[in-house]
Amino acid sequence: MKMAAPTASKAASLGCNNKPSFPELDFRSGARVEELNKLIQEFTKHDQREYDDQRALEIHTAKDFIFSMLGMVQKLDQKLPVANEYLLLSGGVREGVVDLDLDELNVYARGTDYDMDFTLLVPALKLHDRNQPVTLDMRHSALCHSWLSLRLFDEGTISKWKDCCTIVDHINGATNYFFSPTKVADWFYDSISIVLSEIQKKPQRGMPKVEKVEKNGTIISIILGVGSSRMLYDIVPVVSFKGWPAVAQSWLMENHFWDGKITEEEVISGFYLVPACSYKGKKDNEWRLSFARSEVQLKKCISSSLMQAYQACKAIIIKLLSRPKAISPYHLRSMMLWACDRLPANYLAQEDYAAHFLLGLIDDLQHCLVNKMCPNYFIPQCNMLEHLSEETVMLHARKLSSVRSDPAEHLRTAIEHVKAANRLTLELQRRSSTTSIPSPQSDGGDPSQPDDRLAKKLQQLVTENPGKSISVFINPDDVTRPHFRIDDKFF
(Lines give C-alpha, C1' and ligand atoms only; values in the text may rest on other atoms or scores of the structure.)
Protein backbone atom coordinates (compact mmCIF):
# COMPACT_ATOMS: atom_id res chain seq x y z
CA MET A 1 0.00 0.00 0.00
CA LYS A 2 1.42 3.39 -1.03
CA MET A 3 1.43 6.35 1.36
CA ALA A 4 0.80 9.87 0.10
CA ALA A 5 3.60 12.41 0.58
CA PRO A 6 2.85 15.00 3.30
CA THR A 7 1.57 18.37 2.15
CA ALA A 8 3.79 21.42 2.52
CA SER A 9 1.94 22.59 5.61
CA LYS A 10 2.20 19.15 7.23
CA ALA A 11 5.89 18.91 6.31
CA ALA A 12 6.55 22.22 8.00
CA SER A 13 4.67 21.10 11.09
CA LEU A 14 6.70 17.90 11.16
CA GLY A 15 9.94 19.81 11.02
CA CYS A 16 10.70 18.79 7.44
CA ASN A 17 11.23 22.35 6.20
CA ASN A 18 14.84 22.33 5.03
CA LYS A 19 15.17 26.08 4.46
CA PRO A 20 18.32 27.34 6.25
CA SER A 21 17.85 29.74 9.19
CA PHE A 22 19.75 32.95 8.44
CA PRO A 23 20.81 35.47 11.10
CA GLU A 24 18.95 38.77 10.94
CA LEU A 25 20.85 41.14 8.66
CA ASP A 26 20.72 44.84 7.91
CA PHE A 27 19.72 45.04 4.24
CA ARG A 28 21.82 48.15 3.46
CA SER A 29 25.14 47.18 5.07
CA GLY A 30 24.87 43.40 5.44
CA ALA A 31 25.79 43.80 9.12
CA ARG A 32 24.42 41.22 11.54
CA VAL A 33 21.84 42.83 13.80
CA GLU A 34 22.99 40.67 16.71
CA GLU A 35 26.56 41.96 16.32
CA LEU A 36 25.36 45.59 16.21
CA ASN A 37 23.35 45.03 19.40
CA LYS A 38 26.44 43.64 21.13
CA LEU A 39 28.55 46.60 20.00
CA ILE A 40 25.95 49.06 21.29
CA GLN A 41 25.91 47.22 24.63
CA GLU A 42 29.70 47.40 24.80
CA PHE A 43 29.65 51.12 24.03
CA THR A 44 27.03 51.68 26.75
CA LYS A 45 29.12 49.74 29.28
CA HIS A 46 32.17 51.95 28.70
CA ASP A 47 30.21 55.20 28.27
CA GLN A 48 28.26 54.92 31.54
CA ARG A 49 30.65 55.36 34.45
CA GLU A 50 30.02 53.95 37.91
CA TYR A 51 30.88 56.24 40.81
CA ASP A 52 32.30 55.12 44.13
CA ASP A 53 31.98 57.07 47.38
CA GLN A 54 35.04 59.17 46.61
CA ARG A 55 33.81 60.23 43.16
CA ALA A 56 30.34 60.98 44.57
CA LEU A 57 31.89 63.30 47.15
CA GLU A 58 33.95 64.99 44.43
CA ILE A 59 30.79 65.61 42.40
CA HIS A 60 29.09 67.10 45.44
CA THR A 61 32.11 69.29 46.27
CA ALA A 62 32.27 70.70 42.72
CA LYS A 63 28.53 71.43 42.74
CA ASP A 64 28.81 73.08 46.16
CA PHE A 65 31.68 75.26 44.91
CA ILE A 66 29.78 76.38 41.80
CA PHE A 67 26.67 77.27 43.79
CA SER A 68 28.71 79.14 46.41
CA MET A 69 30.41 81.06 43.58
CA LEU A 70 27.01 82.01 42.09
CA GLY A 71 25.82 83.17 45.52
CA MET A 72 28.81 85.52 45.63
CA VAL A 73 28.06 86.72 42.09
CA GLN A 74 24.55 87.63 43.26
CA LYS A 75 25.94 89.67 46.13
CA LEU A 76 28.28 91.67 43.87
CA ASP A 77 25.59 93.94 42.43
CA GLN A 78 22.30 92.23 43.34
CA LYS A 79 21.47 91.62 39.68
CA LEU A 80 20.68 87.90 39.98
CA PRO A 81 17.49 86.88 41.82
CA VAL A 82 18.11 86.41 45.55
CA ALA A 83 16.47 82.98 45.63
CA ASN A 84 17.18 81.32 42.33
CA GLU A 85 16.22 78.02 40.74
CA TYR A 86 18.90 76.49 38.55
CA LEU A 87 18.54 73.61 36.13
CA LEU A 88 21.51 71.24 36.28
CA LEU A 89 21.80 68.87 33.31
CA SER A 90 24.16 65.94 33.02
CA GLY A 91 26.29 66.47 29.91
CA GLY A 92 27.90 69.65 28.58
CA VAL A 93 26.55 71.99 25.93
CA ARG A 94 28.66 70.18 23.32
CA GLU A 95 26.61 67.03 24.06
CA GLY A 96 23.42 68.68 22.82
CA VAL A 97 21.58 68.89 26.15
CA VAL A 98 20.45 72.42 25.21
CA ASP A 99 19.71 73.96 21.80
CA LEU A 100 22.75 76.26 21.54
CA ASP A 101 25.08 76.92 18.62
CA LEU A 102 28.41 75.11 18.85
CA ASP A 103 30.34 77.25 16.35
CA GLU A 104 31.92 79.55 18.95
CA LEU A 105 32.80 76.85 21.48
CA ASN A 106 36.36 75.73 22.09
CA VAL A 107 36.89 72.01 21.64
CA TYR A 108 37.14 70.07 24.91
CA ALA A 109 37.65 66.32 24.93
CA ARG A 110 36.61 63.92 27.65
CA GLY A 111 39.67 62.20 29.09
CA THR A 112 42.04 64.89 27.80
CA ASP A 113 40.37 67.97 29.33
CA TYR A 114 37.69 66.67 31.72
CA ASP A 115 36.17 63.51 33.17
CA MET A 116 32.56 64.59 33.74
CA ASP A 117 30.54 67.41 32.21
CA PHE A 118 27.44 69.34 33.23
CA THR A 119 25.33 72.22 31.94
CA LEU A 120 23.91 74.69 34.44
CA LEU A 121 21.12 77.09 33.40
CA VAL A 122 21.23 80.16 35.65
CA PRO A 123 18.25 82.55 35.44
CA ALA A 124 19.35 86.17 35.21
CA LEU A 125 15.67 87.14 35.16
CA LYS A 126 12.56 85.22 36.22
CA LEU A 127 8.99 85.76 35.12
CA HIS A 128 7.09 83.28 37.27
CA ASP A 129 3.89 85.12 38.18
CA ARG A 130 1.79 84.47 35.07
CA ASN A 131 -0.61 81.60 34.53
CA GLN A 132 -1.76 82.47 31.02
CA PRO A 133 0.25 81.59 27.87
CA VAL A 134 3.34 83.80 27.63
CA THR A 135 3.35 86.06 24.56
CA LEU A 136 6.83 87.11 23.46
CA ASP A 137 7.92 89.86 21.08
CA MET A 138 8.76 87.89 17.93
CA ARG A 139 8.18 90.68 15.43
CA HIS A 140 11.91 91.13 14.81
CA SER A 141 12.93 87.47 15.00
CA ALA A 142 12.88 84.17 13.22
CA LEU A 143 10.67 81.37 14.59
CA CYS A 144 11.85 79.96 17.94
CA HIS A 145 13.54 83.28 18.75
CA SER A 146 12.49 86.47 20.49
CA TRP A 147 13.58 89.85 21.74
CA LEU A 148 12.84 90.56 25.40
CA SER A 149 11.65 93.98 26.49
CA LEU A 150 12.20 94.87 30.14
CA ARG A 151 8.78 96.54 30.11
CA LEU A 152 7.53 93.15 31.32
CA PHE A 153 9.40 93.78 34.59
CA ASP A 154 9.26 96.36 37.38
CA GLU A 155 11.27 99.58 37.59
CA GLY A 156 13.76 98.07 40.04
CA THR A 157 14.62 95.31 37.58
CA ILE A 158 15.02 97.81 34.72
CA SER A 159 17.33 99.94 36.86
CA LYS A 160 19.52 96.94 37.74
CA TRP A 161 19.84 95.61 34.20
CA LYS A 162 19.67 98.60 31.84
CA ASP A 163 23.47 98.54 31.39
CA CYS A 164 22.98 95.05 29.88
CA CYS A 165 20.35 96.23 27.40
CA THR A 166 20.18 97.72 23.94
CA ILE A 167 18.10 100.89 23.87
CA VAL A 168 15.45 101.68 21.30
CA ASP A 169 13.86 105.16 21.29
CA HIS A 170 10.35 105.41 19.86
CA ILE A 171 8.87 108.33 17.96
CA ASN A 172 6.56 109.11 20.89
CA GLY A 173 9.62 109.68 23.09
CA ALA A 174 9.38 106.44 25.06
CA THR A 175 12.53 104.41 25.64
CA ASN A 176 12.47 100.64 25.40
CA TYR A 177 15.19 98.52 26.95
CA PHE A 178 15.79 95.15 25.26
CA PHE A 179 17.65 92.56 27.32
CA SER A 180 20.86 91.78 25.42
CA PRO A 181 22.18 88.18 25.52
CA THR A 182 25.70 89.24 24.55
CA LYS A 183 25.88 92.01 27.17
CA VAL A 184 24.44 89.71 29.83
CA ALA A 185 27.05 87.06 28.97
CA ASP A 186 29.84 89.66 29.15
CA TRP A 187 28.61 90.85 32.56
CA PHE A 188 28.28 87.25 33.79
CA TYR A 189 31.81 86.31 32.71
CA ASP A 190 33.30 89.45 34.28
CA SER A 191 31.40 88.86 37.54
CA ILE A 192 32.42 85.19 37.73
CA SER A 193 36.06 86.17 37.06
CA ILE A 194 35.98 88.74 39.89
CA VAL A 195 34.48 86.23 42.34
CA LEU A 196 36.91 83.45 41.43
CA SER A 197 39.81 85.85 41.82
CA GLU A 198 38.60 86.71 45.34
CA ILE A 199 38.04 83.05 46.24
CA GLN A 200 41.53 82.09 45.11
CA LYS A 201 43.10 84.79 47.29
CA LYS A 202 41.78 82.92 50.35
CA PRO A 203 41.94 79.24 49.45
CA GLN A 204 40.35 76.81 51.87
CA ARG A 205 41.40 73.25 52.49
CA GLY A 206 39.67 70.86 50.09
CA MET A 207 38.54 73.65 47.77
CA PRO A 208 38.43 72.67 44.08
CA LYS A 209 41.21 73.94 41.85
CA VAL A 210 39.97 76.19 39.05
CA GLU A 211 41.87 74.81 36.08
CA LYS A 212 40.17 76.82 33.35
CA VAL A 213 37.63 79.64 32.96
CA GLU A 214 36.70 80.58 29.41
CA LYS A 215 33.96 82.52 27.71
CA ASN A 216 32.75 80.54 24.73
CA GLY A 217 30.38 82.86 22.90
CA THR A 218 27.61 83.44 25.46
CA ILE A 219 28.56 80.43 27.62
CA ILE A 220 31.03 80.43 30.52
CA SER A 221 32.95 77.15 30.74
CA ILE A 222 34.69 76.28 34.01
CA ILE A 223 36.86 73.19 34.54
CA LEU A 224 37.41 72.27 38.18
CA GLY A 225 39.96 69.86 39.58
CA VAL A 226 38.45 68.07 42.57
CA GLY A 227 40.51 65.30 44.11
CA SER A 228 41.23 62.94 41.23
CA SER A 229 38.44 64.29 38.98
CA ARG A 230 38.13 67.11 36.47
CA MET A 231 34.62 68.48 36.00
CA LEU A 232 33.42 70.74 33.22
CA TYR A 233 30.57 73.12 33.99
CA ASP A 234 29.03 74.99 31.05
CA ILE A 235 27.16 77.84 32.75
CA VAL A 236 24.45 79.50 30.66
CA PRO A 237 22.69 82.75 31.65
CA VAL A 238 18.98 82.42 30.80
CA VAL A 239 15.58 84.03 31.30
CA SER A 240 13.19 81.70 33.12
CA PHE A 241 9.41 81.61 32.57
CA LYS A 242 6.66 79.66 34.26
CA GLY A 243 3.89 78.49 31.94
CA TRP A 244 4.04 77.91 28.20
CA PRO A 245 4.76 80.17 25.21
CA ALA A 246 1.80 81.07 23.01
CA VAL A 247 3.80 80.16 19.88
CA ALA A 248 3.91 76.50 21.05
CA GLN A 249 0.23 76.21 22.06
CA SER A 250 -0.73 74.17 18.98
CA TRP A 251 1.81 71.48 19.95
CA LEU A 252 -0.26 70.74 23.03
CA MET A 253 -3.27 69.90 20.84
CA GLU A 254 -1.50 66.96 19.16
CA ASN A 255 -1.13 63.36 20.39
CA HIS A 256 2.28 62.54 21.86
CA PHE A 257 4.16 59.48 23.07
CA TRP A 258 4.15 60.75 26.65
CA ASP A 259 0.35 60.99 26.87
CA GLY A 260 -0.81 59.02 29.90
CA LYS A 261 2.74 58.50 31.19
CA ILE A 262 3.31 61.95 32.65
CA THR A 263 0.88 64.81 33.11
CA GLU A 264 0.64 67.82 30.86
CA GLU A 265 1.32 70.01 33.90
CA GLU A 266 4.73 68.34 34.30
CA VAL A 267 5.59 68.91 30.64
CA ILE A 268 4.55 72.57 30.41
CA SER A 269 5.76 73.77 33.81
CA GLY A 270 8.15 76.30 32.27
CA PHE A 271 10.57 77.27 29.53
CA TYR A 272 13.64 79.43 29.01
CA LEU A 273 15.18 81.99 26.72
CA VAL A 274 18.81 81.01 26.10
CA PRO A 275 21.49 83.34 24.64
CA ALA A 276 21.51 82.25 20.99
CA CYS A 277 20.26 83.95 17.86
CA SER A 278 18.96 82.77 14.50
CA TYR A 279 21.13 82.66 11.38
CA LYS A 280 20.12 86.16 10.26
CA GLY A 281 19.11 87.47 13.68
CA LYS A 282 20.56 90.41 15.58
CA LYS A 283 23.06 88.86 17.96
CA ASP A 284 22.82 91.63 20.56
CA ASN A 285 19.05 91.34 20.95
CA GLU A 286 17.83 87.89 20.02
CA TRP A 287 17.23 84.98 22.41
CA ARG A 288 16.23 81.40 21.56
CA LEU A 289 13.36 79.51 23.14
CA SER A 290 14.49 76.45 25.07
CA PHE A 291 12.32 73.66 26.44
CA ALA A 292 15.06 72.01 28.49
CA ARG A 293 12.81 71.66 31.54
CA SER A 294 10.19 69.81 29.47
CA GLU A 295 12.82 67.58 27.88
CA VAL A 296 13.90 66.40 31.34
CA GLN A 297 10.35 65.12 31.84
CA LEU A 298 10.02 63.58 28.36
CA LYS A 299 13.27 61.69 28.81
CA LYS A 300 11.60 59.61 31.54
CA CYS A 301 9.26 58.15 28.90
CA ILE A 302 11.98 56.98 26.48
CA SER A 303 12.97 53.31 26.55
CA SER A 304 16.49 52.33 27.64
CA SER A 305 17.22 50.60 24.31
CA LEU A 306 16.35 53.74 22.33
CA MET A 307 18.46 55.87 24.68
CA GLN A 308 21.39 53.50 24.20
CA ALA A 309 21.03 53.76 20.42
CA TYR A 310 20.81 57.56 20.68
CA GLN A 311 23.98 57.81 22.80
CA ALA A 312 25.90 55.56 20.41
CA CYS A 313 24.66 57.48 17.37
CA LYS A 314 25.56 60.78 19.04
CA ALA A 315 29.12 59.56 19.69
CA ILE A 316 29.48 58.69 16.01
CA ILE A 317 28.12 61.95 14.57
CA ILE A 318 29.97 64.25 17.00
CA LYS A 319 33.26 63.02 15.55
CA LEU A 320 32.12 62.57 11.96
CA LEU A 321 30.13 65.76 11.42
CA SER A 322 32.28 68.16 13.45
CA ARG A 323 33.45 70.19 10.42
CA PRO A 324 31.85 72.30 9.19
CA LYS A 325 29.64 72.68 12.28
CA ALA A 326 26.13 72.32 10.91
CA ILE A 327 24.65 69.38 12.78
CA SER A 328 24.35 69.46 16.56
CA PRO A 329 23.55 66.51 18.82
CA TYR A 330 20.44 68.52 19.68
CA HIS A 331 19.17 67.90 16.14
CA LEU A 332 19.52 64.17 16.75
CA ARG A 333 17.66 64.51 20.06
CA SER A 334 14.78 66.24 18.25
CA MET A 335 14.63 63.44 15.67
CA MET A 336 14.49 60.88 18.47
CA LEU A 337 11.50 62.67 20.02
CA TRP A 338 9.74 62.76 16.66
CA ALA A 339 10.41 59.02 16.28
CA CYS A 340 8.80 58.43 19.68
CA ASP A 341 5.65 60.18 18.44
CA ARG A 342 5.70 58.31 15.12
CA LEU A 343 6.33 54.72 16.22
CA PRO A 344 4.26 52.42 18.48
CA ALA A 345 5.32 52.40 22.13
CA ASN A 346 5.48 48.58 22.30
CA TYR A 347 7.89 48.57 19.34
CA LEU A 348 10.19 51.14 20.96
CA ALA A 349 10.10 49.19 24.22
CA GLN A 350 11.78 46.12 22.66
CA GLU A 351 14.99 45.54 24.63
CA ASP A 352 16.87 43.83 21.79
CA TYR A 353 16.02 46.44 19.13
CA ALA A 354 18.85 48.92 19.85
CA ALA A 355 20.49 48.10 16.51
CA HIS A 356 17.27 48.83 14.61
CA PHE A 357 16.93 52.13 16.48
CA LEU A 358 20.52 53.13 15.71
CA LEU A 359 20.10 52.43 12.00
CA GLY A 360 16.78 54.27 12.04
CA LEU A 361 18.30 57.36 13.66
CA ILE A 362 21.05 57.42 11.02
CA ASP A 363 18.42 57.10 8.29
CA ASP A 364 16.33 59.88 9.86
CA LEU A 365 19.32 62.20 10.11
CA GLN A 366 20.31 61.54 6.50
CA HIS A 367 16.71 62.14 5.38
CA CYS A 368 16.68 65.47 7.23
CA LEU A 369 19.93 66.53 5.60
CA VAL A 370 18.92 65.56 2.06
CA ASN A 371 15.64 67.44 2.47
CA LYS A 372 17.21 70.24 4.53
CA MET A 373 14.38 69.87 7.03
CA CYS A 374 14.52 69.25 10.78
CA PRO A 375 11.45 70.59 12.60
CA ASN A 376 11.81 71.74 16.19
CA TYR A 377 9.90 69.20 18.31
CA PHE A 378 7.96 71.83 20.27
CA ILE A 379 7.53 74.37 17.46
CA PRO A 380 7.30 72.22 14.30
CA GLN A 381 6.96 75.21 11.99
CA CYS A 382 10.55 76.10 12.90
CA ASN A 383 13.00 74.31 10.57
CA MET A 384 16.36 74.09 12.36
CA LEU A 385 18.28 73.31 9.13
CA GLU A 386 16.74 76.01 6.96
CA HIS A 387 19.85 78.20 6.95
CA LEU A 388 22.29 75.52 5.72
CA SER A 389 23.68 75.62 2.20
CA GLU A 390 23.04 72.80 -0.26
CA GLU A 391 26.77 72.10 -0.34
CA THR A 392 26.97 71.65 3.43
CA VAL A 393 23.96 69.36 3.76
CA MET A 394 25.09 67.14 0.89
CA LEU A 395 28.62 66.91 2.35
CA HIS A 396 27.22 65.66 5.67
CA ALA A 397 24.71 63.39 3.96
CA ARG A 398 27.56 61.68 2.09
CA LYS A 399 29.48 61.25 5.35
CA LEU A 400 26.43 59.65 6.93
CA SER A 401 26.11 57.36 3.92
CA SER A 402 29.53 55.93 4.78
CA VAL A 403 28.30 55.25 8.34
CA ARG A 404 25.16 53.57 7.04
CA SER A 405 27.26 51.36 4.77
CA ASP A 406 29.37 50.05 7.67
CA PRO A 407 27.76 50.85 11.04
CA ALA A 408 29.72 48.13 12.86
CA GLU A 409 33.07 49.72 12.04
CA HIS A 410 31.94 53.16 13.17
CA LEU A 411 30.61 51.67 16.42
CA ARG A 412 33.98 50.01 17.02
CA THR A 413 35.69 53.38 16.50
CA ALA A 414 33.30 55.04 18.99
CA ILE A 415 34.05 52.27 21.51
CA GLU A 416 37.80 52.79 21.12
CA HIS A 417 37.39 56.55 21.65
CA VAL A 418 35.42 56.13 24.88
CA LYS A 419 37.82 53.44 26.15
CA ALA A 420 40.78 55.74 25.44
CA ALA A 421 39.06 58.56 27.37
CA ASN A 422 38.45 56.21 30.30
CA ARG A 423 42.10 55.13 30.28
CA LEU A 424 43.23 58.77 30.47
CA THR A 425 40.89 59.34 33.42
CA LEU A 426 42.14 56.24 35.25
CA GLU A 427 45.75 57.24 34.63
CA LEU A 428 45.09 60.65 36.15
CA GLN A 429 43.44 59.04 39.17
CA ARG A 430 46.40 56.72 39.67
CA ARG A 431 48.81 59.63 39.60
CA SER A 432 46.72 61.62 42.03
CA SER A 433 47.84 61.34 45.63
CA THR A 434 44.50 62.60 46.94
CA THR A 435 42.60 59.89 48.75
CA SER A 436 39.73 61.93 50.16
CA ILE A 437 38.43 65.48 50.11
CA PRO A 438 36.66 67.62 52.68
CA SER A 439 33.89 69.91 51.51
CA PRO A 440 34.70 73.55 50.60
CA GLN A 441 33.20 74.61 53.92
CA SER A 442 35.63 72.36 55.82
CA ASP A 443 37.46 73.86 58.77
CA GLY A 444 40.56 71.90 57.83
CA GLY A 445 39.81 68.93 60.05
CA ASP A 446 40.99 65.41 59.41
CA PRO A 447 40.45 64.85 55.65
CA SER A 448 40.55 61.07 56.09
CA GLN A 449 37.17 61.15 57.87
CA PRO A 450 34.62 62.13 55.19
CA ASP A 451 30.92 62.11 56.03
CA ASP A 452 30.00 58.47 55.34
CA ARG A 453 26.29 59.21 55.41
CA LEU A 454 26.67 61.92 52.79
CA ALA A 455 28.85 59.65 50.66
CA LYS A 456 26.31 56.83 50.80
CA LYS A 457 23.45 59.15 49.98
CA LEU A 458 25.28 60.69 47.03
CA GLN A 459 26.35 57.31 45.70
CA GLN A 460 22.76 56.10 45.93
CA LEU A 461 21.47 59.15 44.04
CA VAL A 462 24.04 58.78 41.28
CA THR A 463 23.65 55.03 40.81
CA GLU A 464 19.84 55.09 40.95
CA ASN A 465 19.51 57.99 38.51
CA PRO A 466 22.05 57.49 35.69
CA GLY A 467 21.92 60.21 33.07
CA LYS A 468 19.10 62.10 34.79
CA SER A 469 19.03 65.85 35.25
CA ILE A 470 18.96 67.76 38.51
CA SER A 471 17.01 70.92 39.22
CA VAL A 472 18.52 72.86 42.10
CA PHE A 473 17.04 75.48 44.43
CA ILE A 474 19.60 77.48 46.37
CA ASN A 475 19.54 80.53 48.60
CA PRO A 476 22.85 82.40 48.27
CA ASP A 477 22.57 83.48 51.90
CA ASP A 478 22.67 79.84 53.01
CA VAL A 479 24.71 77.78 50.57
CA THR A 480 25.45 75.13 53.20
CA ARG A 481 22.00 73.57 52.72
CA PRO A 482 21.60 72.22 49.18
CA HIS A 483 18.06 71.59 47.96
CA PHE A 484 18.06 69.62 44.76
CA ARG A 485 15.63 67.62 42.69
CA ILE A 486 16.41 64.67 40.42
CA ASP A 487 13.57 64.76 37.91
CA ASP A 488 10.50 64.78 40.20
CA LYS A 489 12.15 63.63 43.45
CA PHE A 490 13.24 66.16 46.08
CA PHE A 491 16.22 65.81 48.43
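Quick note: numbers below take in every heavy atom, side chains included, and nothing from hydrogens, waters or symmetry partners.
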Is there a donor-acceptor contact under 3.5 Å linking the side chains of [X] and [Y]?
X: Thr392; Y: Ser389; answer: yes
X: Thr182; Y: Asp284; answer: yes
X: Asp234; Y: Ser221; answer: yes

Surrounding [atom1] of [X] (heavy atoms of other residues, nucleotides or ligands, distance under 6.0 Å), is the total greater than 12?
X: Lys261; atom1: NZ; result: yes
X: Gln381; atom1: CD; result: yes
X: Gln78; atom1: CD; result: yes

Could you check whether Tyr177 and Trp161 have their ring centres less than 6.0 Å apart? no
Exam field: side chain [X] to backbone [Y], donor-acceptor pair closer than 3.5 Å:
X: Gln74; Y: Leu80; value: yes
X: Asp259; Y: Asn255; value: no
X: Asn383; Y: Cys374; value: yes
X: Lys79; Y: Lys160; value: yes
X: Ser197; Y: Ser193; value: no
X: Ser240; Y: Lys126; value: no
X: Glu266; Y: Thr263; value: yes
X: Lys215; Y: Ile220; value: no
X: Thr425; Y: Gly111; value: no
X: Asp154; Y: Gly156; value: yes

Any non-hydrogen side-chain atom of [X] less than 4.5 Å from a side-chain atom of [Y]?
X: Leu100; Y: Val274; result: yes
X: Val267; Y: Ile262; result: yes
X: Phe291; Y: Ile379; result: yes
X: Arg94; Y: Asn216; result: yes
X: Ile222; Y: Lys212; result: no
X: Leu76; Y: Ser191; result: yes
X: Thr119; Y: Val236; result: yes
X: Leu121; Y: Tyr86; result: no

So, taking the atom named [atom1] in [X] and the one named [atom2] in [Y], what distance separates them when rounded to the nearest 0.5 Å?
X: Lys162; Y: Leu150; atom1: NZ; atom2: CG; answer: 11.0 Å
X: Lys63; Y: Ser68; atom1: NZ; atom2: OG; answer: 9.0 Å
X: Arg293; Y: Lys242; atom1: CZ; atom2: NZ; answer: 5.0 Å
X: Lys299; Y: Met336; atom1: NZ; atom2: CE; answer: 8.0 Å
X: Leu369; Y: Glu390; atom1: CG; atom2: CD; answer: 11.0 Å
X: Leu143; Y: Ser278; atom1: CG; atom2: OG; answer: 9.5 Å

Anything under 30° is parallel, anything over 60° is perpendicular, the rest tilted; go ahead and classify Trp147 against Phe178. perpendicular
Which class fits the ring pair Trp244 and Phe378: parallel under 30°, tilted 30 to 60°, perpendicular over 60°? perpendicular
Test side chain to side chain contact (heavy atoms under 4.5 Å, CB included) on Asn285 and His140 and set out the steps. CA-CA 9 Å; Asn285 282 7; His140 313 284; over 6 Å; no
Please lay out, stage by stage, how Trp187 and Val73 fare under the test side chain to side chain contact (heavy atoms under 4.5 Å, CB included). CA-CA 10 Å; Trp187 164 83; Val73 168; 4.1 Å; yes
Output side-chain donor-acceptor pairs under 3.5 Å for residues 361-368, partner residues at least two apart or in another chain, one line each.
residue, atom, partner, partner atom, Å
Asp363, OD1, Arg404, NE, 2.8
Asp364, OD2, Arg342, NH2, 3.1
Gln366, NE2, Ala397, O, 3.1
His367, ND1, Asn371, ND2, 3.3

Run Glu95 and Lys314 through salt bridge (charged side-chain N to carboxylate O under 4.0 Å, His left out) and show every step you take. CA-CA 8 Å; Glu95 295 292 316; Lys314 183 174 71 172; 3.2 Å; yes
Could you report the tightest heavy-atom contact between [X] and [Y], atom names first, then the distance?
X: Asn176; Y: Ser149; result: OD1-OG, 2.6 Å
X: Leu359; Y: Pro407; result: CD2-CG, 3.8 Å
X: Arg28; Y: Ser401; result: NH2-OG, 4.5 Å

Going through the distances and angles, do Leu400 and Ile317 end up as a side chain to side chain contact (heavy atoms under 4.5 Å, CB included)? CA-CA 8 Å; Leu400 274 179; Ile317 70 162; 4.3 Å; yes
Strictly by ring-ring contact (aromatic ring centres under 6.0 Å, His included), give each pair with a member in residues 319-345 just once, sequence neighbours left out. Trp338-Tyr377
Verdict with supporting geometry, Arg288 and Asp99, side chain to side chain contact (heavy atoms under 4.5 Å, CB included): CA-CA 8 Å; Arg288 180 173 297 163; Asp99 183 15; 3.4 Å; yes
